[in-house]
Amino acid sequence: SDISIAPSGVSAVELRVTGDALAGTTYSISIDGGATYTSIPTLKTSVTGFPPGTNLKLKIVLNSASTQIKSAGILYKT
């Protein structure tokens, strides 16, 4: 499945990504299964202010053909 389910409501998320040529890549997180997304402006920074939800989904938009994502992970606080 492309959705991870948190055990209870998510209050904050932090995104960790490693790879090559990541400049210009944009990241968004949904906690309602993809109905709405919140932009993640900076990696490794906690983002709050989400509507209630537990169904986590990550959207990554690559800005370059040379971008390579080696790993991506979502840390969340309930």
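Predicted model, so just to flag it, every value in this text is computed and none were measured.
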**OP:** Could you list who else is in Val13's hydrophobic cluster, with ILVMFWY side chains joined at under 4.5 Å, directly or through other members?
**Re:**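 Cluster partners of Val13: Val10, Leu15, Val17, Leu22, Tyr27, Ile29, Ile31, Ile40, Leu43, Val47, Phe50, Leu56, Leu58, Ile60, Leu62, Ile69, Ile74, Tyr76.
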
Specify the closest pair of heavy atoms between [X] and [Y], including all atoms of both residues, with the distance to one decimal.
X: Ser30; Y: Gly34; result: OG-N, 2.8 Å
X: Thr54; Y: Gly9; result: CG2-N, 3.7 Å
X: Ser46; Y: Ala12; result: OG-CB, 3.6 Å

Original post:
In chain order, what residues pass the salt bridge (charged side-chain N to carboxylate O under 4.0 Å, His left out) check against Lys44, with sequence neighbours excluded?
Top reply: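 Partners of Lys44 under the salt bridge (charged side-chain N to carboxylate O under 4.0 Å, His left out) test: none.
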
Original post:
Sub-3.5 Å donor-acceptor pair from the side chain of Ser28 to the main-chain atoms of Tyr37, do we have one?
Top reply: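 Side chain of Ser28 to backbone of Tyr37, a donor-acceptor pair under 3.5 Å: no, none is there.
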
**OP:** Could you tell me whether a side-chain N or O of Ser11 sits under 3.5 Å from a main-chain N or O of Lys77, the two making a donor and an acceptor?
**Re:**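 Between the backbone of Lys77 and the side chain of Ser11 there is a qualifying donor-acceptor contact (under 3.5 Å).
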
Original post:
Taking the side chain as C-beta and beyond, is there a heavy-atom pair between Glu14 and Thr45 under 4.5 Å?
Top reply: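 SC-SC contact between Glu14 and Thr45 ruled out.
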
**OP:** Can you tell me which residue pairs pass the side chain to side chain donor-acceptor pair (under 3.5 Å) test with a partner in residues 59-69, sequence neighbours excluded?
**Re:** Ser64-Ser66

